Structures are given as structure tokens and as C-alpha cells.
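As C-alpha cells, the structure follows; a few thoughts come after it.
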Amino acid sequence: MATFQPLPGFRDFYPEDLAKRTHIFRLWRQTAAAFGFAEYDTPVLEPLDLYRAKSGDEIEAQLFSFTDKGKREVALRPEMTPSVCRLVGERAGALKRPIKWFSIAEFYRYERMQKGRGRCFHQFNADVFGEPGPEAEIELIALLVQCMRAFGLTQKDFCVRLSDRNLWFHYLGSLGLDDARIRALLGAIDKYERSGHEAFKPYEDAFGPLPEGLKDKVLAFLAIRSFEELESALGADPAAGTAARLADWRKLLGGLSAMGLADYIQVDLGVVRGLAYYTGFVFEAFDRKGELRALAGGGRYDDLVGKLGGSELPAVGFAIGDMTFALLLEERGLSPAVAAAPDVYCVIGGEAERRAAFADIHRLRSGGYRVEYPLKELAFGKQFKAAAESGARLALIYGGDELARGVVKMRDMGTRTEREFPASEVEASVRGFFAGP
RNA sequence: GCGGUCAUAGCUCAGUUGGUUAGAGCACAAGAUUGUGGAUCUUGGGGUCGCGGGUUCGAGUCCCGUUGGCCGCCCCA
């Protein structure tokens with residue numbers, strides 16, 4: 001048994017594990033690039049205060065934090081949002097807008113492990129800065145959906161639940177609640193799906209019992225699952241702010257619908273996200289079977305860049321975590337069975353032939369072909385077996401007989417056919433083979 | 001932080017009421033096989049039975065503790 005193990009919640013990635021992860025990252029990158037998002041990165045280690053400023057002191061319990069040798073309080077990043085807010089805030093005046101950025105990075109949280117959650121994980125983060133209207137949400141939600149569809153997931157596998165903290169504020173405000181009560185109530189609404197009426201307990205502890213009539217209205221609003229219900233719940237003659245907000249909704253839903261993504265969107269006012277810093281539309285992606293944790297989450301946070309980066313800048317963003325996402329792919333059989341096979345396997349007679357082969361091997365590799373050969377002398381039988389197991393489409397045979405005649409033999413591993421060509425034409429012949437008929 | 005459950009080879013697992021030197025399959029390696037395919041056969045390497053303590057003539061097996069995995073609660077940026 002090994003003396004050393006990874007720290008709790010951390011994982012080793014053997015090549016077959018890393019291949020799956022890399023495949024996920026590659027499709028995310030391609031998708032983000034197709035949407036015109038630019039990739040950035042930030043330090044893994046940040047000042048602890050960056051997270052205190054965003055989330056308050058209590059966050060510290062879930063942080064990998066320590067004091068460095070310069071007596072600085074630091075923390076491994078638990079999320080990307082504060083860092084990226086700093087970046088765009090610093091250069092807000094110089095960046096062309098809209099600012100569409102994404103990253104794929106590793107994060108650390110000192111938490112208890114669970115299915116789909118570890119102490120280190122990766123997230124794909126995408127944000128649009130500088131666009132206050134729902135056009136930014138259209139862009140981001142479309143990107144989120146495509147980041148899943150790119151793997152073959154369909155509307156049968158997942159959906160994006162869409163809600164609006166802004167509208168909740170309007171609605172609860174119209175019922176006569178003040179800001180503190182609204183925030184406490186949103187906390188209850190966030191937990192209602194899981195905890196039921198228990199969820200209202202913290203609110204009632206702080207502000208006293210919720211009148212039945214009010215509670216019924218909250219529960220009715222929370223149960224809204226379509227835009228039509230939303231419109232009628234707000235009445236035929238909504239206040240001016242509410243009417244403008246409904247126009248934003250029409251624009252957002254209309255845009256996503258025009259992109260052909262309507263089947264992926266589920267209006268669901270029961271989603272409000274626990275985070276106080278969200279200011280407008282919020283959304284979460286779930287697997288349709290409801291067996292897994294949330295796949296992704298995001299929303300608008302128009303005040304955070306000003307708080308962390310210095311310049312006021314509207315923003316909306318989301319993150320997809322890699323662990324739950326990988327579980328979903330695995331479950332649906334969409335995880336790639338990748339074993340990168342060489343293009344060419346060289347079968348080599350002996351030491352003299354090996355020297356001849358090396359020149360070609362290096363030339364082919366320089367040309368971008370993936371070339372393998374046995375490091376140690378092996379019987380021909382073993383070498384052909386190894387060539388077959390490697391998955392190479394082509395075997396080059398450097399035997400004593402062939403080299404004596406100035407030729408190299410080329411075997412198509414698929415068709416099991418062979419032909420010979422002059423030893424000087426190896427690269428051209430290989431190129432011809434892979435160019436195909 | 002709390003609860004449940006598990007821990008024997010790289011992997012999946014056997015291991016009898018406590019009894020000799022802890023086993024199998026897969027995987028890996030060598031040979032059969034010095035010029036042609038994933039087979040077969042033979043052989044081999046690989047274990048402080050998670051770790052520590054206790055009971056016992058004797059512990060993989062029973063007891064206590066501990067560490068770690070998995071599942072859930074709290075939390076979930």
C-alpha cells in the first residue's frame with residue numbers, strides 16, 4: 001500500500017482519466033471560441049480579502065486559506081467571479097465592449113466530499129461585461145446550452161431553469177415588504193424546493209410569522225412555470241418598472257426561441273440562487289432526471305465589478321462544474337472512450353535496421369505524425385502484436401531483407417495488405433497513405 | 001461539523017465456528033515463437049490484509065481507536 005495518498009478530496013488523473021477531462025475542456029473551449037468569447041486566466045492564489053469583500057467573513061470556513069511567508073493572508077481561489085471582476089474593473093475604460101470572456105480553471109473549497117463534489121474541481125466560467133440589457137443573457141444562455149449540446153446531450157437530458165430576482169424584488173415590494181425582508185424571503189424561496197415550509201423558519205425567526213395571505217402569494221409566485229403565468233400573476237396593469245421588466249423577459253425568451261433553444265428553457269420562479277449579489281435574471285442547468293446536483297448556474301450581478309474592481313460595470317455570467325458534468329456524460333454513455341493511437345508503428349529487425357528506422361521515425365514525427373516503435377529489440381511476432389494493439393493504422397517494416405534491397409515495407413493494418421517502396425520515399429509514402437484514396 | 005456504510009494485488013472480488021507459508025479472474029511481464037495480428041499454453045513479478053492497539057497458544061477473521069473511500073445531512077460562491 002502506498003505510503004502517500006492524495007489529500008482528502010483531491011484526485012490523481014491517470015492518462016485515461018485526464019483524456020476524458022481534456023476532451024470536455026476541448027469542446028468547451030471550441031464552443032466558447034465559436035461564440036466569440038476570449039480566454040483569460042488569473043492566479044490560483046489570491047488575497048483572502050478578495051473573497052471576504054465579496055461574500056463576508058463566514059466564507060473563510062470553506063476556503064483553503066493560510067498566511068504566507070510574507071505574513072499575507074491568502075486563499076486558493078474558490079471561484080472565478082471575484083478575480084475576473086478585478087481584471088475587467090482595472091481596465092474597464094480600455095476594453096472594447098461588450099467584454100465576452102471565458103476561462104477553464106481549477107478551484108479549491110474546503111468542504112466535505114460528496115457525489116459530484118470534491119475539494120478541488122474545474123469550472124468553465126463565461127461572463128459578459130458592459131451590457132445591461134437581456135441581449136447579454138441571450139448570448140450566455142445560448143452558450144451554456146451549446147456547451148452541453150456539443151457533447152450530444154439534448155433537451156431530454158438537461159434543461160435550463162430561468163428566473164428573475166429583479167422581478168421577485170418588484171413583486172415582493174408591491175406586497176409591502178422592505179429590502180431586508182425581501183432578501184430573507186428570497187433565501188427561503190431558494191430552499192423551498194428542498195425543505196418545504198421549513199424553509200421559511202429563518203425568516204419567521206427574524207421577522208415574525210408570515211401572514212397566511214402573503215405566504216400563499218409567495219408560494220403561488222414561486223410555482224410559476226411559464227411566461228404566460230408570470231404575466232397574469234403580475235396583473236393586467238403592472239407598475240411601470242414591472243412592465244419594463246416583462247419586456248426584457250419577452251426579448252430574452254424571444255431571442256432564445258429564435259435560436260431554436262426554446263425546448264431547453266424552463267421558466268421557473270422557484271429558482272432564485274442563494275447568492276445575495278445576483279441582481280436580475282438567474283438560471284441553473286439541471287439534468288432532466290433530477291438525479292444529480294446542479295450542472296451549471298449563473299445570473300446577472302450588476303454591482304459586483306464596482307465593488308471589487310473599482311469601475312461600475314454591468315455583468316452576467318455562469319459557471320459549469322466539471323464533476324457533475326462528467327457524471328452526466330458517463331451516465332448517458334457520452335463519455336469518450338479515447339485512447340490516442342499512433343498513426344504509424346515501426347517494426348524493426350535488429351540494431352542495424354534500427355538505425356535506418358530512426359532517421360525516418362524522427363522525420364515523420366517532425367512532420368506531425370504520431371509514430372511508435374519498440375524501445376527494445378523484440379521478436380517480429382511480438383512487434384506485430386504490439387502494432388495491432390497500439391491501434392496504428394500503418395506499420396512500417398524495417399527488416400534486414402528489405403533494407404538489403406533498399407526498400408521499406410508498408411503494411412496497412414486494417415486491410416492486412418502490404419507493399420514496398422524505396423527507402424528514400426518513406427515520408428512521401430506515409431503522407432500518401434494518410435491523404436487517402 | 002454530523003450520520004450511515006465500507007477498506008484483502010493495479011482492477012473486480014473469494015477467504016469456512018479464529019488454525020500451516022493469504023487466493024482467483026482480469027491486467028502487467030517473460031517464454032513457447034529470430035519475419036507477420038488482439039488467440040492459446042506455461043511461468044513470473046506484484047500484499048505490512050488501510051493504520052495503531054487489544055483479546056488469544058494463534059487474528060485477514062473478534063473488540064477498541066484512527067485514517068481514508070463512498071452515500072447522505074449542513075453548506076453549495
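Residue numbers begin at 1 in each chain, while the letters A, B, ... track the order of the sequences. Values in this document were obtained by computation on a predicted structure and should not be read as measured data.
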Taking the six-membered ring of Phe286(A) as reference, does the NZ or CZ atom of Arg161(A) fall below 6.0 Å from its centre and within a 45° cone about the axis?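 Yes, a cation-pi geometry.
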Say you pick atom [atom1] in [N] and the same atom in [M]; how far apart are they, in whole Å?
N: C51(B); M: A9(B); atom1: P; value: 10 Å
N: C75(B); M: U12(B); atom1: C1'; value: 35 Å
N: C62(B); M: C49(B); atom1: C1'; value: 15 Å
N: U21(B); M: G15(B); atom1: C1'; value: 15 Å
N: G44(B); M: G50(B); atom1: C1'; value: 27 Å
N: G19(B); M: C26(B); atom1: C1'; value: 31 Å
N: G3(B); M: C74(B); atom1: P; value: 15 Å
N: U20(B); M: G58(B); atom1: P; value: 15 Å

Among [options], the nucleotide that comes nearest once only the side chain of [X] is considered:
X: Arg273(A); options: G69(B), A77(B), U36(B); value: A77(B)
X: Ala388(A); options: G35(B), C71(B), G37(B); value: G37(B)
X: Ile397(A); options: C75(B), G37(B), G35(B); value: G35(B)
X: Arg194(A); options: G35(B), C76(B), C71(B); value: C76(B)
X: Phe384(A); options: A77(B), U36(B), C76(B); value: U36(B)
X: Glu389(A); options: A77(B), G38(B), U34(B); value: G38(B)
X: Ile59(A); options: A77(B), G37(B), C75(B); value: A77(B)

For [X], which contact category applies under a 4.0 Å heavy-atom criterion: base, sugar-phosphate, or nothing?
X: Met413(A); value: base
X: Pro8(A); value: sugar-phosphate
X: Gly414(A); value: nothing

Nearest-nucleotide 5' precedence on RNA chain B, Lys376(A) against Phe380(A): Lys376(A)
5'-most by nearest nucleotide on RNA chain B - Arg411(A) or Tyr277(A): Arg411(A)
For [N], which nucleotide in any strand shown is its Watson-Crick or wobble partner with both distances under 3.5 Å?
N: G52(B); value: C64(B)
N: G72(B); value: C2(B)
N: A32(B); value: U40(B)

For the side chain to side chain contact (heavy atoms under 4.5 Å, CB included) test, which of Phe124(A), Phe35(A), Phe325(A) pairs with Cys147(A)?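 Of the listed options, the one satisfying the test is Phe124(A).
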Aromatic ring proximity, centroids under 6.0 angstrom, Phe434(A) and Tyr369(A): yes
Assess the pair Phe10(A) and Phe64(A): is the distance between their ring centroids shorter than 6.0 Å? yes
Establish, with yes or no, whether the OP1 or OP2 oxygen of A29(B) is under 4.0 angstrom from a side-chain nitrogen or oxygen of Lys382(A).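 For A29(B), OP1/OP2 do not have a side-chain N/O of Lys382(A) under 4.0 Å.
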Short side-chain N/O contact from Gln114(A) to OP1 or OP2 of C73(B), under 4.0 Å: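 True: Gln114(A) side-chain N/O within range (under 4.0 Å) of C73(B) OP1/OP2.
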Could you verify whether a donor N or O on one side chain and an acceptor N or O on the other, from Asn125(A) and Gln123(A), lie under 3.5 Å apart? yes
Run the numbers on Arg77(A) and Thr42(A) for side chain to side chain donor-acceptor pair (under 3.5 Å), then give the verdict. CA-CA 9 Å; Arg77(A) 62 184 174 198; Thr42(A) 66; 3.3 Å; yes
